[in-house]
Q: 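Encoded as structure tokens, here's the structure I'll be asking about.
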Amino acid sequence: MNIEEFFQLSAGKWFSHRTSQHLAFNQSENSKSDIIIEMLTVDHPEVIKLCQEYKINLSSASCAAKVTWNGTMEKDQAKHSGSNVLVLIPNADNPAEGKLLRKIVDADKIPVAGRYKIDSDDALTLTTEDETMSSEERLWFASPNLRMRVNILKNFGGFSITSFTSEIRMGGSPPAAKASEAANSVSN
């Protein structure tokens with residue numbers, strides 16, 4: 001599976017259940033969200049703007065997506081919502097790896113490109129680091145309608161959070177050919 005196929009399989013509406021463990025405080029918390037992942041064309045205005053922010057040539061972009069979420073945290077029952085645009089720039093010599101561009105929420109921060117890698121088992125690993133933290137997230141499909149994620153977030157001051165997320169597709173099924181390919185790769 002390549003990065004474009006992974007994102008095409010991810011498109012749609014998902015129900016997400018996340019369990020996070022705050023290692024420094026020995027506390028866990030649960031959250032639930034509805035997530036919508038929509039594919040964007042590389043000439044979409046938000047993709048163009050993001051490439052300009054990172055000073056990346058638009059012609060290098062392979063695919064892009066907008067991720068929108070709306071959910072609640074178990075402890076405070078407060079609503080958490082937002083969106084993010086992702087643009088993937090494959091390495092010329094190895095398209096299974098490349099740069100991950102994300103919309104920067106904090107306008108004072110200088111954009112830092114993350115990295116992506118599609119492994120031989122069709123799992124996607126996203127890595128982001130800046131001067132204050134590092135994040136590694138691994139995503140994979142257990143079936144075309146069930147996606148899993150694990151994340152490790154490390155603050156360089158010693159604070160760490162790990163999480164496991166299961167996502168169940170609620171709508172926007174993947175194209176039939178892609179779904180059968182994903183099902184075949186999962187069952188092998």
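Fair warning: this is a prediction, and the values are worked out from it, not measured in the lab.
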Q: Applying salt bridge (charged side-chain N to carboxylate O under 4.0 Å, His left out), name anything that partners Arg138, two or more places apart in sequence or on another chain.
A: Asp119, Asp121

Q: Transitive ILVMFWY cluster of Met148 at side-chain heavy atoms under 4.5 Å: who else is in it?
A: Trp140, Leu146, Val150, Phe164, Ile168

Q: Starting from Met133, can I reach Ile152 by hopping between I/L/V/M/F/W/Y residues whose side chains sit under 4.5 Å apart?
A: no

Q: Who pairs with Lys66 by side chain to side chain contact (heavy atoms under 4.5 Å, CB included), at least two apart in sequence or on another chain?
A: Glu38, Leu40, Glu46, Thr68, Ser83, Val85

Q: I need the Ser16 OG to Ile35 CD1 distance, nearest 0.5 Å.
A: 4.0 Å

Q: Would you say the side chain of Thr128 lies within less than 4.5 Å of the side chain of Ser134, judging by non-hydrogen atoms?
A: no

Q: State whether the side chain of Glu5 and the backbone N or O of Asn2 hold a donor-acceptor pair below 3.5 Å, judged by distance alone.
A: yes

Q: Please determine whether side-chain contact (heavy atoms from CB on, under 4.5 Å) holds for the pair Ile48 and Leu58, giving the CA-CA distance in whole Å, both sets of side-chain angles, and the decisive distance to 0.1 Å.
A: CA-CA 7 Å; Ile48 293 169; Leu58 183 61; 3.6 Å; yes

Q: I'd like to check His80 versus Met73 (side-chain heavy atoms, cut-off strictly below 4.5 Å). Are they in contact?
A: yes

Q: Between Ser59 and Asn57, does any side-chain donor sit less than 3.5 Å from a side-chain acceptor?
A: yes

Q: Does any part of the side chain of Tyr116, heavy atoms only, come nearer than 4.5 Å to the side chain of Pro90, both counted from C-beta?
A: yes

Q: Sequence neighbours left out, what passes side chain to side chain contact (heavy atoms under 4.5 Å, CB included) with Thr41? Give chain and number order.
A: Asp43, His44

Q: Apply side chain to side chain contact (heavy atoms under 4.5 Å, CB included) to Asp93 and list each qualifying residue two or more places apart in sequence or on a separate chain.
A: Asn91

Q: Side-chain contact, heavy-atom cut-off 4.5 Å: Leu126 with Arg102?
A: yes

Q: Could you give the distance from OG (Ser60) to OH (Tyr54), rounded to the nearest 0.5 Å?
A: 15.0 Å

Q: Could you state whether Ile36 and Val87 fall into the same hydrophobic cluster, counting links through intermediate Ile, Leu, Val, Met, Phe, Trp or Tyr residues with side-chain heavy atoms under 4.5 angstrom apart?
A: no

Q: Taking atom CG of Leu124 and atom CD1 of Ile118, what is their separation to the nearest 0.5 Å?
A: 4.5 Å

Q: For the atom pair CG (Leu86) and SG (Cys63), what is the distance rounded to the nearest 0.5 Å?
A: 9.0 Å

Q: Measuring from atom NZ of Lys154 to atom OG1 of Thr132, what distance do you get when rounded to the nearest 0.5 angstrom?
A: 14.5 Å

Q: What residues, two or more places apart in sequence or in another chain, satisfy ring pair (Phe, Tyr, Trp, His ring centres under 6.0 Å) together with Phe6?
A: Phe141

Q: I need the minimum non-hydrogen distance between Lys99 and Ile56, along with the two atoms involved.
A: NZ-CD1, 3.9 Å

Q: Checking Arg169 side chain against Ser10 main chain: does a donor-acceptor pair fall under 3.5 Å?
A: no

Q: Ignoring hydrogens and angles, write down the donor-acceptor pairs under 3.5 Å from the side chains of residues 21-29, residues two or more places apart or on other chains.
A:
from  : atom 1 : to    : atom 2 : distance (Å)
Gln21 : NE2    : Gln27 : O      : 3.3
His22 : NE2    : Glu29 : OE2    : 3.0

Q: Would you please name every residue forming a side chain to side chain contact (heavy atoms under 4.5 Å, CB included) with Phe15, sequence neighbours left out?
A: His17, Lys32, Asp34, Met170

Q: Within the 3.5 Å criterion, strictly below it, is a donor on Asn151 or Ser163 matched to an acceptor on the partner's side chain?
A: no

Q: Out of curiosity, Leu100 CG to Thr125 OG1, how far, rounded to the nearest 0.5 Å?
A: 12.0 Å

Q: Please name all residues satisfying side chain to side chain donor-acceptor pair (under 3.5 Å) with Ser120, sequence neighbours left out, ordered by chain then number.
A: none

Q: How would you list, by chain and number, every residue that makes a salt bridge (charged side-chain N to carboxylate O under 4.0 Å, His left out) with Arg18, sequence neighbours excluded?
A: none

Q: List in chain and number order the residues that pass side chain to side chain donor-acceptor pair (under 3.5 Å) with Asn155, two or more places apart in sequence or in another chain; answer none if no residue qualifies.
A: none

Q: Quick test of your reading: applying salt bridge (charged side-chain N to carboxylate O under 4.0 Å, His left out), list the pairs with at least one residue in residues 155-167, sequence neighbours left out, ordered by first then second residue.
A: Arg147-Glu167, Arg149-Glu167

Q: Grab the two heavy atoms, one from Phe7 and one from Leu88, that are nearest each other, plus how far apart they are.
A: CE1-CD1, 3.2 Å

